[in-house]
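Predicted model, so just to flag it, every value in this text is computed and none were measured. Every heavy atom of this structure was used, including side-chain atoms; hydrogens, water molecules and symmetry mates were not.
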Amino acid sequence: LGDQKLQNVMVLQLVQFESEARLRDEIEKFWSADSSHGALVLQCDAKLHSTHLLLTREIMRESERAYYWASIWSQRSLIIT
């Protein structure tokens, strides 16, 4: 990144989440249209939390797909109308 400064970074520490639902909610907040966050940083100990990392990766993929599909459909509706 060099001299660039990251602004609006969302940081999630996996050890703070006691349930998958809570983690999913926080990740979905990042992908929501209302979010002003430009980057998401996940902090964890990979040796201790490898299962959590795999789960988090899947949640991220699901949320990302939903975000892009919603973006595509909203753009198409604007073109059609």
Side-chain angles (χ1 to χ4, degrees):
L1 292 175
D3 292 333
Q4 287 182 329
K5 292 182 181 179
L6 287 179
Q7 294 181 349
N8 298 322
V9 176
M10 182 177 194
V11 178
L12 301 179
Q13 296 176 337
L14 294 185
V15 297
Q16 294 182 339
F17 295 97
E18 296 178 8
S19 71
E20 176 184 341
R22 175 100 164 81
L23 174 62
R24 186 175 296 275
D25 288 345
E26 289 300 313
I27 290 174
E28 288 174 356
K29 283 181 191 176
F30 172 77
W31 286 106
S32 75
D34 298 329
S35 176
S36 63
H37 295 102
L40 174 62
V41 175
L42 298 169
Q43 293 180 331
C44 70
D45 183 337
K47 291 180 183 178
L48 296 176
H49 303 105
S50 60
T51 304
H52 296 110
L53 279 174
L54 294 174
L55 175 62
T56 303
R57 181 181 67 186
E58 290 308 310
I59 294 171
M60 286 290 298
R61 287 179 177 171
E62 290 171 10
S63 298
E64 181 183 24
R65 277 189 226 113
Y67 173 80
Y68 284 119
W69 276 109
S71 296
I72 289 171
W73 284 109
S74 68
Q75 289 174 2
R76 286 186 179 182
S77 67
L78 290 175
I79 293 170
I80 293 170
T81 58

Identify the two heavy atoms, one from [X] and one from [Y], that lie closest to each other, and give their separation to 0.1 Å.
{"X": "Trp31", "Y": "Ser63", "value": "CD1-CB, 3.4 Å"}
{"X": "Ser36", "Y": "Asn8", "value": "O-CB, 3.1 Å"}
{"X": "Ile59", "Y": "Arg24", "value": "CG1-NH2, 3.5 Å"}

Problem set entry | Single-linkage hydrophobic cluster Leu53~Leu55, side-chain heavy atoms < 4.5 angstrom |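 They do share one cluster, since a chain of ILVMFWY contacts under 4.5 Å joins Leu53 to Leu55.
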Exercise. Can you list every pair that meets salt bridge (Lys or Arg N to Asp or Glu O under 4.0 Å) and has a residue in residues 35-59, with sequence neighbours left out?
Worked result: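 Matches after skipping sequence neighbours: Glu58-Arg61.
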Set of side chain to side chain donor-acceptor pair (under 3.5 Å) partners for [X], sequence neighbours left out:
{"X": "Arg22", "answer": "Glu26"}
{"X": "Glu18", "answer": "none"}
{"X": "Gln43", "answer": "Gln13"}

For this session: To the nearest 0.5 Å, tell me how far Ile27 CD1 sits from Leu42 CG.
Result: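 Answer rounded to 0.5 Å: 6.0 Å.
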Problem set entry | Partner of Leu12 under side chain to side chain contact (heavy atoms under 4.5 Å, CB included), chosen from Val41, Thr56, Leu40 |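 Filter result, single survivor: Leu40.
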Exercise. Among all residues two or more places apart in sequence or in another chain, which pass the side-chain contact (heavy atoms from CB on, under 4.5 Å) test with Asp25?
Worked result: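 For Asp25, the residues satisfying side-chain contact (heavy atoms from CB on, under 4.5 Å) (neighbours in sequence not counted) are Glu28.
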